[in-house]
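Shown next, in structure tokens, is the structure this report addresses.
A note on names: the letters A, B, ... follow the listed sequences, proteins ahead of strands, and every chain is numbered from 1.
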There are 2 protein chains.
Amino acid sequence: MKTTVQYGKEADLALSLWVKLARASSLFTRLSARDIERYGLTQPQFSVVEALGHLGPMTTGDLGKKMLVTGGCMTVILDNLERDGVVERVRSVEDRRVVTVGLTTKGTELFERIFRQHATRITELASVLTVEEQQQLSDLLKKLGLALKEVQ
Amino acid sequence: MKTTVQYGKEADLALSLWVKLARASSLFTRLSARDIERYGLTQPQFSVVEALGHLGPMTTGDLGKKMLVTGGCMTVILDNLERDGVVERVRSVEDRRVVTVGLTTKGTELFERIFRQHATRITELASVLTVEEQQQLSDLLKKLGLALKEVQ
DNA sequence: GCGAGATATTTCAAGTTTAAACTATTTAAA
DNA sequence: TTTAAATAGTTTAAACTTGAAATATCTCGC
């Protein structure tokens, strides 16, 4: 949302920054989702497969923390992935409140088949910036993300 | 989603960039939404009020383009805002396919009451970066956003 | 004038998202 | 030991989101 109204120099810069952040993120998410769609997964479903594929089985709560989504959301995403036979939930024996989520055989095959292709597509998208720009942007976003995590 | 697996230097940089972009955007969106919530609006509802407040009445389609959401989504957001008496829809006389959306008196009052406060909050959030960093980040995100808009 | 294609919006189905309430279980303090 | 508080996960209600199909209207070539 471009704003031409003046709220002071600092506020204008901040507002414009957030607009561009939202816009770039939204555009990228949509392009990425379009790629992932070819494998029959949605964006959050892919994030789960990616996390479990790279890091191995983990609890529902840890997955949610990694993906920055709430527990209720995680439940729905896992319900759908479980229905499709991609992940399985195992109630922990030591602490019966905990559910550990892992990839099924089908899920592992899916991960191995698609992740490299998707990485290629992401790399292609990022290449609209030079490597130096990517590095610079990455550093700034990292600082921003870490700082925002501490707010409130 | 942090990945420690190697897919090549360039791919690793690209993947890490996208993770940080998604993370920063998600964190900001959540903090912003928490602020907006105090005024009884959701984030997309606020975006509509903001656009109409700054730029005046416009069509459903133009609003959707500005906010990067699909038409179907726009319909729902406007339905809810209209129900709450914040916006009104007027069928265009010249082209009867077109619907022009504008703020009601209540909507205008809301805009004037809340936008400055929200701008202050956004400025506060952005201040975790220096003004120079904000400017640099803004420039890089602008380049990225413009380039991604042209993809496909 | 008329019909084909384009355009603006809505409707629909499926999925994601959050916060809050709820259940089950564990931990810890009195 | 027993009960209160904390924790893990699910359920629920409301909203957002997309893409595709449907509806209404407009435009343009004939």
Side-chain angles (χ1 to χ4, degrees), chain A residues 22 25-38 40-49 57-84 86-101 152, chain B residues 22 25-27 29-49 57-84 86-101 152:
Chain A
S25 177
S26 168
L27 282 168
F28 166 68
T29 301
R30 199 161 316 170
L31 289 169
S32 171
R34 198 177 302 164
D35 183 57
I36 290 166
E37 194 176 83
R38 298 186 296 140
L41 294 177
T42 64
Q43 174 74 63
Q45 287 171 356
F46 180 81
S47 292
V48 170
V49 172
M58 70 181 81
T59 68
T60 300
D62 285 346
L63 262 178
K65 265 177 229 152
K66 229 162 227 324
M67 294 173 54
L68 297 184
V69 298
T70 57
C73 189
M74 210 60 249
T75 297
V76 178
I77 298 168
L78 292 178
D79 283 349
N80 290 331
L81 281 173
E82 199 170 36
R83 178 204 57 200
D84 298 343
V86 176
V87 305
E88 57 193 350
R89 287 193 257 218
V90 180
R91 180 69 64 173
S92 163
V93 185
E94 312 92 64
D95 184 341
R96 295 188 41 69
R97 294 168 304 177
V98 170
V99 171
T100 300
V101 187
Q152 292 261 356
Chain B
S25 178
S26 166
L27 283 168
T29 302
R30 199 162 314 171
L31 289 168
S32 172
R34 199 178 299 165
D35 183 58
I36 290 166
E37 195 176 83
R38 298 187 296 140
Y39 315 118
L41 294 177
T42 64
Q43 174 76 61
Q45 287 172 355
F46 180 80
S47 291
V48 170
V49 173
M58 70 181 82
T59 70
T60 299
D62 286 346
L63 262 177
K65 263 177 230 151
K66 232 166 224 321
M67 292 173 56
L68 298 184
V69 299
T70 56
C73 188
M74 209 62 248
T75 297
V76 177
I77 297 168
L78 292 178
D79 283 350
N80 290 330
L81 280 172
E82 199 170 34
R83 177 203 58 200
D84 298 343
V86 176
V87 305
E88 58 193 350
R89 286 194 256 218
V90 179
R91 180 69 64 173
S92 164
V93 186
E94 312 91 65
D95 184 341
R96 296 188 42 70
R97 293 168 304 177
V98 170
V99 171
T100 301
V101 187
Q152 292 263 354

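Within the 4.5 Å cutoff, the side chain of R30(A) has heavy atoms near those of the L68(B) side chain.
Map P44(B) and M74(A) each onto its nearest nucleotide of DNA chain D; the residue landing nearer the 5' end is M74(A).
In the region residues 77-84 of chain A, proximity to DNA chain C at under 4.0 angstrom, judged on heavy atoms, holds for I77(A), N80(A), R83(A).
Pairing each heavy atom of R96(B) with each of V93(B), the nearest pair is CG-O, 3.9 Å. The heavy-atom pair separating R34(B) from E37(B) by the smallest distance is O-CB, 3.5 Å. Closest of all the heavy-atom pairs between S47(B) and M67(B) is CB-CE, 3.7 Å. The shortest heavy-atom contact between Q43(B) and A33(B) is OE1-N, 3.9 Å. Across all their heavy atoms, R91(B) and R97(B) have their closest contact at NH1-O, 3.2 Å.
Applying the salt bridge (Lys or Arg N to Asp or Glu O under 4.0 Å) criterion to E82(B), with sequence neighbours excluded, gives R89(B).
We find the CG-CG distance between N80(A) and D84(A) to be 6.5 Å, quoted to the nearest 0.5 Å.
Between the CG atom of L41(A) and the C1' atom of dA14(C) there is a distance of 15 Å, given to the nearest Å. Distance Q43(B) CD to dT16(C) C1': 16 Å, rounded to the nearest Å. When rounded to the nearest whole Å, the span between CZ of R30(B) and C1' of dA19(C) equals 11 Å. Rounded to whole Å, atom C1' of dA19(C) lies 16 Å from atom CG of L31(B). One can place CD of E37(B) at 13 Å from C1' of dT17(C), the figure rounded to the nearest angstrom.
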**Request:** Report, as a single string ordered 5' to 3', how protein heavy atoms within less than 4.0 Å touch nucleotides 4-9 of chain C: B base, S sugar-phosphate only, - not at all.
**Result:** --BBSS

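Of the side-chain N and O atoms in R96(B), none sit less than 4.0 angstrom from OP1 or OP2 of dC26(D). In this model, the phosphate group of dC16(D) is approached by a side-chain N or O of T42(B) to a distance below 4.0 Å at OP1 or OP2. Residue Q45(A) places at least one side-chain N or O under 4.0 Å from the OP1 or OP2 atom of dT16(C).
Among L41(A), L78(A), V69(A), T42(A), the single residue meeting the side-chain contact (heavy atoms from CB on, under 4.5 Å) criterion with V48(A) is L78(A).
Base engagement by T70(B) is indicated by at least one non-hydrogen atom pair under 4.0 Å involving a base atom.
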